[in-house]
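For reference, the structure discussed in these notes is given below.
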There are 2 protein chains.
Amino acid sequence: MTTEEKIFNAARSVFQQKGYAGARMQEIADEAGINKAMLHYFFRSKEQLFKAVFLNAFYQIAPQMNEIFNSSDSLFIKIEKFTENYISFVKKNRFLPAFIIQEMNNNPQFVKEVLSNEARPNPAKLIKQVQEEMEKGIIKTMNPKQLLLDIFSMTVFPFAAQTLVKAILEISDEEFEIFLEERKKHITEQIINAIKR
Amino acid sequence: MTTEEKIFNAARSVFQQKGYAGARMQEIADEAGINKAMLHYFFRSKEQLFKAVFLNAFYQIAPQMNEIFNSSDSLFIKIEKFTENYISFVKKNRFLPAFIIQEMNNNPQFVKEVLSNEARPNPAKLIKQVQEEMEKGIIKTMNPKQLLLDIFSMTVFPFAAQTLVKAILEISDEEFEIFLEERKKHITEQIINAIKR
DNA sequence: TTTTAGTTTAACCATTTGGTTAACAAAAAT
DNA sequence: ATTTTTGTTAACCAAATGGTTAAACTAAAA
């Protein structure tokens with residue numbers, strides 16, 4: 001692993017757990033096991049290092065989503081694939097959703113920069129598909145964006161609000177693993193039951 | 001308004017928008033229109049001031065929830081009341097959910113402290129009620145905690161991930177207001193359609 | 001009218017923090 | 001073999017930041 005990679009990995013770990021404002025350059029250097037000056041040698045500033053980490057995180061999730069959004073599967077299959085895919089991925093990157101959401105809320109100016117890229121999550125095609133299936137009478141009529149937000153909410157929220165959710169529902173760390181696995185199927189069933197005619 | 005109140009309000013505003021790590025004592029003083037020393041005079045330290053704000057925020061939401069959780073209404077009515085109530089409240093306190101979630105993730109040690117209070121959101125009774133309605137055959141059988149998390153997710157997530165949601169679904173600030181109003185009924189319908197036999 | 005207790009401010013302080021510099025080492029290019 | 005480029009470190013710096021202090025001010029109590 002090159003020094004630059006060491007730095008990037010350490011930065012990802014620290015930024016994702018403490019956020020931009022809470023992260024310390026020294027801590028990143030320590031975790032990477034290198035001198036603090038190297039951070040600036042490779043990434044110039046805290047802001048640029050953060051940007052690298054943030055964009056990487058974002059563009060790691062987005063393409064996966066778009067692949068499903070834009071595939072030729074039926075809506076029901078897409079919902080199933082999305083929950084399955086997303087939960088499996090985020091299980092391996094536990095802090096990602098909370099991190100992205102937190103930093104987008106704290107630095108709304110990022111939004112434009114991040115979403116100008118072609119790799120942004122773009123549900124346009126999926127929305128069109130939902131509308132078509134409504135017109136065909138396959139599913140109930142509703143605002144497609146509300147439906148999309150339902151799926152998104154049910155899938156992402158348990159990770160984004162992890163600490164709170166575990167505490168309120170009194171779920172231990174081990175139980176949470178099982179709970180998430182169970183949730184893949186649960187979300188799919190709930191959504192399909194809710195919208196099918 | 002007393003100086004202490006001015007400080008508290010300013011602190012709430014700054015902490016909720018920037019989080020603990022991103023907030024600056026000087027900024028809070030400026031927003032309160034008073035000298036920085038007053039913050040320490042009344043609240044001793046940044047940490048204590050933050051704690052006051054955070055606990056206040058938390059205990060503002062929790063009792064409302066419990067009131068609904070523990071009422072004698074039927075499940076369907078409770079769901080309706082919860083979404084209606086929560087969305088209306090949070091519309092007036094836009095940064096609350098993201099703030100609470102962010103700080104609980106960043107300082108998990110808070111969890112014990114916050115949730116030891118009797119004012120914590122406690123869905124135990126609601127879970128029992130769900131189980132009973134399942135046994136009676138009124139609603140489909142499923143893990144009650146999954147169902148609770150569904151309701152919670154669909155209601156809270158749009159606020160917690162506000163910036164992201166608006167950006168991805170391409171909803172303007174004004175449209176978002178209407179969208180949220182529409183969402184009250186939408187969530188209720190979706191959930192009830194999903195679980196009713 | 002004088003105490004006294006609480007309130008407010010400007011100036012100050014110590015530490016933290018992001019960032020820089022200059023010397024040095026190792027590798028690449030000549 | 002020697003120069004040049006790249007990588008690495010320790011020491012340092014200026015600004016920011018949470019916190020303190022001592023003096024001034026205010027209003028109510030004595």
Side-chain angles (χ1 to χ4, degrees), chain A residues 1-57 95 99 102-110 113-114, chain B residues 1-57 95 99 102-110 113-114:
Chain A
M1 191 162 41
T2 70
T3 300
E4 193 172 346
E5 287 169 335
K6 278 188 221 161
I7 294 173
F8 187 85
N9 289 341
R12 181 173 51 201
S13 166
V14 173
F15 277 133
Q16 286 192 7
Q17 285 180 63
K18 313 213 166 174
Y20 178 80
R24 295 290 164 256
M25 294 299 264
Q26 188 59 60
E27 193 184 345
I28 294 172
D30 291 347
E31 186 153 327
I34 47 96
N35 189 286
K36 180 164 71 86
M38 296 306 283
L39 305 187
H40 295 96
Y41 180 75
F42 284 109
F43 293 91
R44 275 191 65 89
S45 68
K46 184 184 184 184
E47 202 176 314
Q48 277 200 231
L49 178 53
F50 174 79
K51 223 171 251 185
V53 167
F54 184 83
L55 292 181
N56 174 275
F95 298 107
F99 171 66
Q102 169 171 331
E103 297 305 331
M104 289 194 80
N105 280 334
N106 290 168
N107 316 293
Q109 71 277 15
F110 259 0
E113 192 167 340
V114 170
Chain B
M1 192 161 43
T2 70
T3 301
E4 194 171 345
E5 287 168 337
K6 278 189 220 160
I7 293 173
F8 186 86
N9 289 340
R12 183 173 51 202
S13 166
V14 174
F15 277 132
Q16 287 190 7
Q17 286 181 62
K18 314 214 164 171
Y20 178 80
R24 296 291 163 253
M25 293 298 266
Q26 188 59 59
E27 192 184 346
I28 294 173
D30 290 347
E31 184 153 330
I34 47 98
N35 188 286
K36 180 164 71 83
M38 297 305 283
L39 304 188
H40 295 95
Y41 180 75
F42 284 109
F43 292 92
R44 274 190 66 89
S45 68
K46 185 184 183 184
E47 201 176 315
Q48 277 200 230
L49 178 54
F50 174 79
K51 222 170 252 186
V53 168
F54 184 83
L55 292 180
N56 174 274
F95 298 107
F99 171 67
Q102 169 171 333
E103 297 305 330
M104 287 195 82
N105 280 334
N106 289 168
N107 316 293
Q109 71 278 12
F110 258 1
E113 193 166 340
V114 170

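The sequence lines fix the lettering, A, B, ..., with proteins before strands; numbering per chain opens at 1.
Looking only at atom types and distance, the side chain of B:Glu5 has no donor-acceptor partner in the side chain of B:Asn9 under 3.5 Å away.
Residues A:Leu49 and A:Phe15 meet the side-chain proximity criterion, which asks for heavy atoms closer than 4.5 Å. Proximity of A:Gln102 to B:Asn106: side-chain heavy atoms (C-beta onward) are separated by under 4.5 Å at one or more points. In this structure, the side chains of B:Arg24 and B:Lys46 come closer than 4.5 Å at one or more pairs of heavy atoms. At a threshold of 4.5 Å between non-hydrogen side-chain atoms, the residues B:Asn35 and B:Tyr41 do not count as touching.
The distance between atom CD of B:Glu4 and atom P of C:dG6, rounded to the nearest whole Å, is 14 Å. The nearest whole Å value for the distance from the CD atom in A:Glu27 to the P atom in C:dG18 is 10 Å. Note: OH (A:Tyr41) to P (D:dT5) measures 12 Å, nearest angstrom. One can place NZ of A:Lys6 at 14 Å from C1' of D:dT9, the figure rounded to the nearest angstrom. Protein atom CD1 of B:Ile34 is 8 Å distant from nucleotide atom P of C:dT8, rounded to whole Å. Note: CG (B:Leu39) to P (C:dT7) measures 15 Å, nearest angstrom.
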Exercise. What one-letter contact string describes nucleotides 18-29 of chain D from 5' to 3', where B marks a base within less than 4.0 Å of any protein heavy atom, S marks contact via sugar-phosphate atoms alone, and - marks no contact?
Worked result: BBBB--------
Seminar exercise, completed: Its contact letters, B for base, S for sugar-phosphate only and - for none at protein heavy atoms under 4.0 Å, make nucleotides 22-28 of chain C read -------
Problem set entry | Worked check of side-chain contact (heavy atoms from CB on, under 4.5 Å) between B:Phe54 and B:Asn107 | CA-CA 12 Å; B:Phe54 184 83; B:Asn107 316 293; over 6 Å; no
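Residue B:Gln109 places its CD atom among more than 12 non-hydrogen atoms of other residues, nucleotides or ligands, all under 6.0 Å distant. Atom NZ of B:Lys18 is surrounded by 12 or fewer heavy atoms from other residues, nucleotides or ligands within 6.0 Å.
Checking the phosphate oxygens (OP1, OP2) of D:dT8, a side-chain nitrogen or oxygen of A:Thr3 falls inside 4.0 Å.
The side chain of A:Met38 approaches D:dT8 more closely than any other nucleotide in the set C:dT9, C:dG6, D:dT8.
For the ring-ring contact (aromatic ring centres under 6.0 Å, His included) test, residues two or more places apart in sequence or in another chain that qualify with B:Tyr20 are B:Phe50.
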